[in-house]
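Quick note: numbers below take in every heavy atom, side chains included, and nothing from hydrogens, waters or symmetry partners.
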Amino acid sequence: MPNSPEPGTTRRSCGGCWLYGVVIFFGLPTLLLMTLALIFMGREQSARRQLQAKLAERVAQNLPIDNATLGELHDRSTSAEDTAEWYAVLDVITSAEHEQSTKGVPTLDASEGVSETFPAPGSDWPEQRATLDFLEKWSDLEGKVHRLASRQLTSGSTPVRFDIEFDSFDTILQHVQHMRSVARFVRVGGERAVYFDQPDDLLRSIESLIGTSDTLRGDPFLVPQLVRIAIDGIAIELLQKSLEHDVLGVPELQRLLPLMLTRTQIGNEWQLAIHGEIAGAMPAFAEPSRIDNEISVVLPARSRDALMYLDHMTAILDVPVDDLTQFQTTCQALEDDLSTKLYGGTLPNFDGILTGMMAPAIASAAEAFIRRVTLNRLAAIAVAIRLHRKQNGSFPESLDDLGPLGIDLKQLSPPGADRFGYAVDETGGVLWGYDFIRENAIPPTPPARPADGEESYEADMQRIWTWYLPD
């Protein structure tokens, strides 16, 4: 029998207990979510103020922060004087008529049975007739490219202003790949000059390749600068081949040496590209739909994300470029540090989701810039060795003997080493570097020459980094 309530008391009703349960069950999570939302909004507002302040500092320094200011920078650092003529060249290079005329031309025709490389002087050249006919057909175009490219090599020249409609990551840079096609076209004429021992034409082709590369030095993104490096690589290969076969005379070598020496340091193009990457990325943080419409549903404006990206890229801008070794190791360290911030915890860093998607592979880009500079240093020394041989009747016994020709070995050292390797005997000279990305030091003796037709990464590196200068 249940106990009766004490006299003077009443039993409390529990009819409202369920209401308290509902409030607790739904109210606490709601309160928690609101609290988290308020915290997120507070952090976002604080980050937005910091971001706006840093962007204002960039504007005060005439540095770009978005599409509009990037366009202004591009206009300031380029010239439209030759724009129309270069577009006329690109129209021809990309035309169906030009494409059809490349049949049977090495490096331009990828058809089976067509050589992928050009022959050495004195070797059989099955595609000779097709190549010479091609060059004859487009001789006026070749002359026009030489004339336009040579303007880029004059002191105080300004890069070409190609028409770019800056639109964050949707920016179209069609002209960049077309300029690479121009370089491949110019190379054909250079290879002809090597084969037939025509030093004047060869010099003009090498200079045209370098000038073609320089037309893009005002494009403020990493991609155009990496294409420039590829075009420079074509010029270096042609120069290496010409020095091995001793095609260039004293006048040509004297003209090339100061030109190559001007390209032995990382220039302003690195900073320009990084500034362009910053300006291209900032609009995407404010409007994530620029990357993906689905992302914008999940991620609102990302000020903390933008701050992480901006701080990372600013740190890259602060890295000195004079010391190639320090430049390489510091860029790699900054990339590793960003990776740790983004993915070093148990869960990915929510504050850096877009940064992880948009930050460029800066260490690889830095290595490409270093490689270009190092190859230019190697090329300048090789030109000086050939010039010494022609002016003095013998190869230098040591690279120190090249001082009178303006070779400063301290300024022309490879990354991680004091100087390039050099050896000379009765057959001639050999100059070599090393694959600084995979190897730790320059070999004490020149690597064995790869066999003709040998295809491997190691063989390719030996061909690039070892320059043979037979007597």
(request) Check whether any side-chain heavy atom of Leu173 sits under 4.5 Å from a side-chain heavy atom of Pro224, and report yes or no. (result) yes

(request) Examine distances only and state if a side-chain atom of Ser339 and a backbone atom of Glu335 form a donor-acceptor pair shorter than 3.5 Å. (result) no

(request) Report, as yes or no, whether the 6.0 Å neighbourhood of atom CG on Leu317 holds more than 12 heavy atoms from other residues, nucleotides or ligands. (result) yes

(message) Ring centroids only, cut at 6.0 angstrom: are Phe185 and His98 within range, meaning strictly under it?
(response) yes

(message) Minimum heavy-atom separation for Leu239 and Ala379, please, with both atom names.
(response) CD2-CB, 3.9 Å

(request) State, with a plain yes or no, whether a side-chain heavy atom of Pro320 is found less than 4.5 Å away from one of Phe327. (result) no

(message) Please tell me whether Ser208 and His146 have a donor and an acceptor in their side chains that are separated by less than 3.5 angstrom.
(response) yes

(message) Tell me which pairs pass salt bridge (Lys or Arg N to Asp or Glu O under 4.0 Å) where either residue lies in residues 410-421, with sequence neighbours left out.
(response) Asp400-Arg419

(request) May I ask you to establish whether Arg372 and Phe369 are in a cation-pi arrangement, using a distance under 6.0 Å from NZ or CZ to the six-membered ring centre and at most 45° from the ring axis? (result) yes

(message) Please determine whether the number of non-hydrogen atoms from other residues, nucleotides or ligands lying under 6.0 Å from atom CD of Glu81 exceeds 12.
(response) no

(request) Locate the shortest heavy-atom distance separating Thr215 from Met179; write the atom from each residue and the value. (result) OG1-CE, 3.1 Å

(message) Whether the side chain of Asp66 engages the backbone of Thr69 through a donor-acceptor N/O pair (distance < 3.5 Å, no angle test) should be reported.
(response) yes

(request) Mind listing the closest non-hydrogen atom pair of Pro396 and Leu402 along with its distance? (result) CG-CD2, 3.9 Å

(message) With a 4.0 Å cut-off on N to O distance, would you call Lys54 and Asp311 a salt bridge?
(response) yes

(message) If we ignore hydrogens and angles and just use 3.5 Å, is the side chain of Thr154 paired with the main-chain N or O of Ser157 as donor and acceptor?
(response) no

(message) Assess whether a salt bridge exists between Glu252 and Arg386, defined as any Lys/Arg side-chain N lying under 4.0 Å from an Asp/Glu carboxylate O.
(response) no

(request) For Trp86 and Phe162, run ring pair (Phe, Tyr, Trp, His ring centres under 6.0 Å): C-alpha distance rounded to whole Å, both residues' side-chain angles, the deciding distance at 0.1 Å, then the answer. (result) CA-CA 9 Å; Trp86 272 112; Phe162 291 101; 7.0 Å; no

(message) Under 3.5 Å, is there a donor on one side chain and an acceptor on the other for Tyr434 and Asn440?
(response) no

(message) Strictly below 4.0 Å, N to O, side chains only: are Arg449 and Glu244 in salt-bridge contact?
(response) yes

(request) Identify the heavy atoms of Ile407 and Ala384 that sit nearest to each other, and give their distance. (result) CG1-CB, 3.7 Å

(message) Going by the rule side chain to side chain contact (heavy atoms under 4.5 Å, CB included), which residues pair with Ala423 if we only count those two or more places apart in sequence or in a different chain?
(response) Trp432

(request) Determine yes or no for a side-chain-to-main-chain donor-acceptor pair under 3.5 angstrom, with Tyr468 supplying the side chain and His245 the backbone. (result) no

(message) Would Ile234 and Leu238 count as a side chain to side chain contact (heavy atoms under 4.5 Å, CB included) here? Give the steps.
(response) CA-CA 6 Å; Ile234 297 174; Leu238 187 60; 5.7 Å; no

(message) How about CD on Gln174, more than 12 heavy atoms from neighbouring residues, nucleotides or ligands closer than 6.0 Å, or not?
(response) no

(message) Testing the 3.5 Å rule here: is there a donor-acceptor pair between the side chains of Asp219 and His175?
(response) yes

(message) Is the shortest side-chain heavy-atom distance between Val430 and Leu469 below 4.5 Å?
(response) no

(request) Look only at the side chain of Gln332 and the backbone of Ala363, and say whether a donor-acceptor pair between them is shorter than 3.5 Å. (result) no

(request) For residues Leu141 and Ile93, determine if any side-chain heavy atom of one lies less than 4.5 Å from a side-chain heavy atom of the other. (result) yes

(request) Let me see the working for Cys331 and Leu334 under side chain to side chain contact (heavy atoms under 4.5 Å, CB included), right down to the final yes or no. (result) CA-CA 5 Å; Cys331 285; Leu334 288 172; 5.6 Å; no

(request) Please determine if Asp471 and Arg389 form a salt bridge, counting it only when a charged side-chain N lies under 4.0 Å from a carboxylate O. (result) yes

(message) Looking at Arg187 and Glu237, is any side-chain nitrogen of the basic one under 4.0 Å from a carboxylate oxygen of the acidic one?
(response) yes

(message) Quick check on Lys103: does its NZ atom have over 12 non-hydrogen neighbours (other residues, nucleotides or ligands) under 6.0 Å away?
(response) no

(message) Within the structure provided, determine whether Glu142 and Val188 are in side-chain contact (heavy-atom separation under 4.5 Å).
(response) no

(request) Dump the intermediate steps for side chain to side chain contact (heavy atoms under 4.5 Å, CB included) on Ile316 and Trp270, then the final yes or no. (result) CA-CA 10 Å; Ile316 292 168; Trp270 172 258; 3.8 Å; yes

(request) Please answer whether the main-chain N or O of Gln326 pairs with a side-chain N or O of Asp323 as donor and acceptor at a distance below 3.5 Å. (result) yes

(request) Supply the atom-to-atom distance Ser413 OG to Ile442 CD1, rounded to the nearest 0.5 angstrom. (result) 9.0 Å

(message) Within the 4.5 Å heavy-atom criterion, are Leu73 and Asp75 side-chain neighbours or not?
(response) no

(request) Ignoring hydrogens and angles, tell me if any N or O in the side chain of Arg58 forms a donor-acceptor pair with the backbone of Leu63 under 3.5 Å. (result) no

(request) For Pro415 and Ile370, work out which heavy atoms get closest and say how close. (result) CG-CG2, 4.0 Å

(request) Answer with yes or no whether the side chains of Arg217 and Thr78 bring together a donor and an acceptor at under 3.5 Å. (result) no

(message) Whether Arg192 engages the ring of Phe118 as a cation-pi pair (distance to the six-membered ring centre under 6.0 angstrom, angle to the ring normal within 45°) should be assessed.
(response) no

(message) Between Leu243 and Ile385, does the side chain to side chain contact (heavy atoms under 4.5 Å, CB included) criterion hold? Intermediate values first, please.
(response) CA-CA 10 Å; Leu243 293 177; Ile385 292 172; over 6 Å; no

(message) Could you walk me through whether Glu97 and Lys137 satisfy the salt bridge (Lys or Arg N to Asp or Glu O under 4.0 Å) test, starting with their C-alpha distance in whole Å, then the side-chain angles of each, then the deciding distance to 0.1 Å, before giving a yes or no?
(response) CA-CA 11 Å; Glu97 181 184 6; Lys137 177 179 178 63; 3.1 Å; yes

(request) Using a strict cut-off of less than 4.0 Å between a Lys/Arg side-chain nitrogen and an Asp/Glu carboxylate oxygen, indicate whether Arg263 and Asp232 qualify as a salt bridge. (result) yes

(request) Go through the structure and list residues passing ring-ring contact (aromatic ring centres under 6.0 Å, His included) with His388, not counting sequence neighbours. (result) none

(request) State whether the side chain of Arg76 and the backbone N or O of Asn62 hold a donor-acceptor pair below 3.5 Å, judged by distance alone. (result) yes

(message) With a sphere of 6.0 Å drawn around CZ of Arg147, does it hold more than 12 non-hydrogen atoms of other residues, nucleotides or ligands?
(response) yes

(request) List the atom of Ala183, the atom of Leu209, and the distance in Å for their closest heavy-atom pair. (result) O-CD2, 3.3 Å

(message) Do Arg377 and Thr264 pair up side chain to side chain, a donor and an acceptor below 3.5 Å, judged on atom types alone?
(response) no

(message) When you measure from the side chain of Ser123 to the backbone of Pro119, do you find a donor-acceptor pair of N or O atoms at a distance under 3.5 Å?
(response) no

(message) Please report whether the ring centroid of Phe420 lies less than 6.0 Å from that of Trp465.
(response) no

(message) The test is side chain to side chain donor-acceptor pair (under 3.5 Å); show your working for Asp305 and Thr355 and say whether it passes.
(response) CA-CA 6 Å; Asp305 215 337; Thr355 295; 2.7 Å; yes

(message) For a quick check under 3.5 Å, do Asp109 and Ser111 share a side-chain donor-acceptor pair by atom type?
(response) yes

(request) Decide yes or no for Glu277 and Tyr309: does some side-chain heavy atom of the first lie under 4.5 Å from some side-chain heavy atom of the second? (result) yes

(message) Strictly distance-based, threshold 3.5 Å: is any side-chain N or O of Gln225 a donor or acceptor partner for the main-chain N or O of Leu216?
(response) yes

(message) Less than 4.0 angstrom from a charged side-chain N to a carboxylate O is my criterion; do Asp133 and Arg129 meet it?
(response) yes

(request) Answer yes or no: is there a side-chain heavy-atom contact under 4.5 Å between Ser181 and Thr94? (result) no

